[in-house]
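Only one structure is covered here, and it is reproduced in the block below.
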Amino acid sequence: MNVLIVESREELGGLWSRHLARLGATVQIARTEEEATARLLDSPVDIMVLDLVLDEGSAIAVADFANYRRPGAKVIFVTNTSFFSDGSIFQLCSNACAYLPSATPPADLAAMIEHFGQPEPH
């Protein structure tokens, strides 16, 4: 499974990446909108973990670009804010499959990634 983590906080992205790599996932990390879109252009992505609040760029723009460039890729949004806590992110981003707090334990996040990152049955 190919996972793209888009997280400005290097230590958090690294923690998630190490956990997923131990489970056999191929993981890339981007810290900005520009890095994320470059990864989406160059590499296959099955699922993306995307922080709603990036230090540089827009998470919504990244999700929108992923929907265009990698239409089969799903997005798990994470945040440490109350933005979109009403669930409206699912109306705004058709590729959103989950919305979690950034503090979600890595094992729980990995379980969500495993569940949603599987290919759709034909």
Side-chain angles (χ1 to χ4, degrees):
M1 178 177 347
N2 298 302
V3 181
L4 175 60
I5 296 172
V6 186
E7 172 56 60
S8 297
R9 293 171 290 172
E10 189 172 348
E11 65 286 347
L12 187 55
L15 173 68
W16 292 339
S17 175
R18 289 187 301 276
H19 198 85
L20 291 166
R22 283 193 301 269
L23 297 174
T26 301
V27 182
Q28 294 189 66
I29 300 175
R31 297 183 62 206
T32 66
E33 175 186 343
E34 185 176 339
E35 288 176 13
T37 54
R39 302 276 190 293
L40 288 163
L41 282 171
D42 296 337
S43 304
V45 174
D46 299 308
I47 190 158
M48 183 170 33
V49 178
L50 178 56
D51 193 328
L52 267 171
V53 182
L54 298 174
D55 288 345
E56 293 180 39
S58 164
I60 301 300
V62 171
D64 187 47
F65 185 74
N67 202 27
Y68 164 74
R69 181 68 180 158
R70 304 287 176 189
K74 296 181 182 120
V75 179
I76 295 177
F77 283 99
V78 294
T79 188
N80 62 357
T81 69
S82 60
F83 290 148
F84 300 110
S85 60
D86 63 352
S88 60
I89 192 72
F90 298 102
Q91 294 172 332
L92 187 60
C93 299
S94 63
N95 51 354
C97 63
Y99 176 87
L100 302 169
S102 299
T104 298
D108 293 350
L109 179 60
M112 297 285 286
I113 290 168
E114 268 191 321
H115 175 73
F116 286 114
Q118 298 303 315
E120 295 287 328
H122 296 288

Inset, instruction - Evaluate side chain to side chain contact (heavy atoms under 4.5 Å, CB included) for Leu92 paired with Ile60, printing each intermediate quantity in order. - result: CA-CA 9 Å; Leu92 187 60; Ile60 301 300; 3.9 Å; yes
Inset, instruction - Sequence neighbours left out, what pairs pass salt bridge (Lys or Arg N to Asp or Glu O under 4.0 Å) with at least one residue falling in residues 8-33? - result: Glu7-Arg9, Arg9-Asp51, Glu10-Arg31
Inset, instruction - To the nearest 0.5 angstrom, please state how far the CG atom of Leu100 sits from the CZ atom of Phe77. - result: 11.5 Å
Inset, instruction - Start with the C-alpha gap between Leu12 and Ser102, add the side-chain angles, then the distance that decides, and say whether side chain to side chain contact (heavy atoms under 4.5 Å, CB included) holds. - result: CA-CA 9 Å; Leu12 187 55; Ser102 299; 4.2 Å; yes
Inset, instruction - Decide yes or no for Val49 and Val6: does some side-chain heavy atom of the first lie under 4.5 Å from some side-chain heavy atom of the second? - result: no
Inset, instruction - Sort and list the pairs that fulfil salt bridge (Lys or Arg N to Asp or Glu O under 4.0 Å) and have at least one residue in residues 35-49, not counting sequence neighbours. - result: none
Legend entry - By side chain to side chain contact (heavy atoms under 4.5 Å, CB included) - contacts of Pro101 (at least two apart): Thr104
Legend entry - Candidate list Thr26, Leu109, Leu15, Ile5, test side chain to side chain contact (heavy atoms under 4.5 Å, CB included), partner Leu20, passing option: Ile5
Legend entry - Residue pairs passing the side-chain hydrogen bond (donor to acceptor under 3.5 Å, both in side chains) test where at least one lies in residues 59-71, sequence neighbours excluded: Asn67-Ser94
Inset, instruction - Please identify each residue that fulfils side chain to side chain donor-acceptor pair (under 3.5 Å) with Asp55, with sequence neighbours left out. - result: none
Legend entry - Side-chain heavy-atom pair Leu4, Leu40 within 4.5 angstrom cut-off: yes
Inset, instruction - In sequence, state the C-alpha distance, the side-chain angles, and the governing distance for Ile47 and Met1, and then conclude on side chain to side chain contact (heavy atoms under 4.5 Å, CB included). - result: CA-CA 8 Å; Ile47 190 158; Met1 178 177 347; 4.1 Å; yes
Inset, instruction - Kindly write out the residues that satisfy side chain to side chain donor-acceptor pair (under 3.5 Å) with Ser43, not counting sequence neighbours, or none if the list is empty. - result: Gln28
Legend entry - Heavy-atom check, side chain of Val75 versus side chain of Met48, under 4.5 Å: yes
Legend entry - Side chain to side chain, Asn80 and Leu52, heavy atoms closer than 4.5 Å: no
Inset, instruction - Show your working on side chain to side chain contact (heavy atoms under 4.5 Å, CB included) between Tyr99 and Val78 and close with a plain yes or no. - result: CA-CA 6 Å; Tyr99 176 87; Val78 294; over 6 Å; no
Legend entry - Residue pair Ser17 / Val27: nearest heavy atoms and the distance that separates them: OG-CG1, 3.5 Å
Inset, instruction - First locate atom CD1 of Ile89, then atom OG1 of Thr79, and finally report the distance between them rounded to the nearest 0.5 Å. - result: 9.5 Å
Legend entry - Minimal non-hydrogen separation, Phe90 against Cys97, with atom names: CE2-C, 3.7 Å
Inset, instruction - Might you point out which heavy atoms bring Val3 and Ala25 nearest each other, and give the distance in Å? - result: CG2-CB, 4.1 Å
